[in-house]
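Down below is the structure, laid out as structure tokens.
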Amino acid sequence: MGKVARQVVEQAGVNVDVLLDKLIRAASAEFTTFYYYTILRVNSIGFDGEGLKEIIEDARIEDRNHFEALTPRIYELGGALPRDIRGFADVAGCPDAYLPSDPRDMKQMLNVLVEAERCAIRTYNEICGMTFGKDHRTYEIALAILHEEIEHEAWFSEFMGEGPSGHFRRGAPGASPHVRKFMTADIG
Amino acid sequence: MAFVKLARVEEIPPGQTKYVCPEGRPVILANYDGGIYALTGICPHRNNPLEGAILWDHLIDCPFHHFQYDVRTGENHFPRNVYPPDLPRLQTQLRPLKVFPVKIEDGWIWADLS
Ligand SMILES: [Fe+2]
Ligand SMILES: [Fe+2]
């Protein structure tokens, strides 16, 4: 924890305990989503599934990257991840993205994926609103993640035919073009 | 019938919610599509207060886990729409919010909490 790192945020008028609660819930949602998206990607097979597999993989790796980017900020502000991973999973800020009853039904798969991304967008939009102009570092991290969550929603929603996004696939799986610079513990 | 005075209409602009707790009973008020709605102010998922809940169209969004409820019926919308039916234990998370009858008199919102 950095004493002044926390103090400047408190003095700017942010309730740091409330913010930490939101960051830990967000980190948990990223971690659990990484797990569930692994199962969704594995089951994304067949004529329709193979096309979906790559964007699930991009979103899956980037959600893990979001966890990596959030974690140091939680500790900088004096917070901590729960010691017990069961407790950590329980505080996830978004519902679990379960594999649908019929994994061969790509509409069911896409519905799970797009709703998970929409929940993530709401989460980071809220954190951005809470920190804007006050906690510059958390704001920048949350904004970088928000950029990627908006892209994830767009990938899945355009797969459902809801309209084009203008995006193209990542150059490398889960490249995290926005969040990468905050993954200082993970990237050499 | 036990109507309780909850708030002034102008305290809840269109598309907004307000959390009140008269006599220790949490209620979430919402202004949607020209109507005022009053529902239980506790999310039945994990019993967290709906204080600060955001309204997305007709859906109240719990700030803790983003469970969403139809403001008109109290029914869970999300994650009901993605929870697989072959995992029946999840259904216990999807209990609805109770919807209370509302009347407006002289700019005051009253709800029957009985
Ligand atoms: Fe994410
Ligand atoms: Fe995502």
Side-chain angles (χ1 to χ4, degrees), chain A residues 15 18-30 32-33 36-37 39-40 43 87-130 149 153 156-157 160, chain B residues 13-19 21 26 28 30 32 39-71 73-97:
Chain A
N15 184 328
V18 171
L19 176 60
L20 278 169
D21 181 65
K22 290 187 190 303
L23 293 174
I24 292 166
R25 285 175 186 284
S28 170
E30 299 291 1
T32 51
T33 302
Y36 284 112
Y37 274 28
I39 299 171
L40 291 168
N43 281 279
F88 185 49
D90 273 347
V91 298
C94 287
D96 295 3
Y98 293 104
L99 182 71
S101 318
D102 178 7
R104 303 301 285 265
D105 180 342
M106 283 308 126
K107 278 222 167 90
Q108 284 186 28
M109 294 279 272
L110 281 162
N111 199 31
V112 170
L113 292 155
V114 82
E115 289 286 7
E117 302 301 346
R118 286 172 179 160
C119 188
I121 290 173
R122 293 185 179 117
T123 298
Y124 294 104
N125 195 56
E126 187 189 3
I127 295 172
C128 284
M130 186 178 175
E149 302 297 9
E153 184 205 18
F156 296 125
S157 114
M160 294 168 100
Chain B
Q16 305 277 312
T17 69
K18 183 180 172 70
Y19 177 84
C21 203
I28 188 83
Y32 167 67
L39 302 99
T40 329
I42 298 287
C43 177
H45 168 225
R46 290 276 175 83
N47 295 323
N48 293 119
L50 288 167
E51 187 166 14
I54 291 176
L55 204 54
W56 302 105
D57 300 323
H58 61 290
L59 300 172
I60 287 186
D61 188 299
C62 173
F64 285 86
H65 304 91
H66 296 284
F67 275 41
Q68 297 182 335
Y69 299 89
D70 189 319
V71 78
T73 63
E75 286 298 321
N76 181 284
H77 169 76
F78 175 68
R80 177 184 293 279
N81 61 340
V82 293
Y83 270 6
D86 59 331
L87 295 178
R89 66 177 179 79
L90 299 176
Q91 299 300 311
T92 58
Q93 295 182 18
L94 304 177
R95 291 183 297 269
L97 298 178

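So you know, we letter chains A, B, ... as the sequences are listed, proteins then strands, and number each from 1.
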[atom1]-[atom2] distance between [X] and [Y], expressed to the nearest 0.5 angstrom:
{"X": "B:I60", "Y": "B:H77", "atom1": "CD1", "atom2": "NE2", "value": "13.5 Å"}
{"X": "A:N111", "Y": "A:M160", "atom1": "CG", "atom2": "CE", "value": "5.0 Å"}
{"X": "A:E153", "Y": "A:E115", "atom1": "CD", "atom2": "CD", "value": "9.0 Å"}
{"X": "A:L19", "Y": "A:I127", "atom1": "CG", "atom2": "CD1", "value": "7.0 Å"}

Fill in the blank from the handout: Of the listed A:E126, A:R122, A:R25, the one with the largest count of heavy-atom pairs under 4.5 Å with chain B is A:R122
Could you look at [X] and say if it's the side chain, the backbone, both or neither that has a heavy atom under 4.5 Å from chain A?
{"X": "B:D61", "value": "side chain"}
{"X": "B:Q93", "value": "neither"}
{"X": "B:F78", "value": "side chain"}

Practice task
Using heavy atoms and a sub-4.5 Å threshold, report which of residues 43-54 of chain B line up against chain A, by residue number.
Solution key: B:R46
Practice task
Taking the side chain as every heavy atom from C-beta outward, state whether B:Y32 and B:L55 have any atom pair closer than 4.5 Å.
Solution key: yes
Handout entry: Nearest non-hydrogen partners of A:Y37 and A:L113, listed with the distance
Key = OH-O, 3.4 Å
Practice task
Quick one: sort the B:H65 and B:F67 rings into parallel, tilted or perpendicular, breaks at 30° and 60°.
Solution key: perpendicular
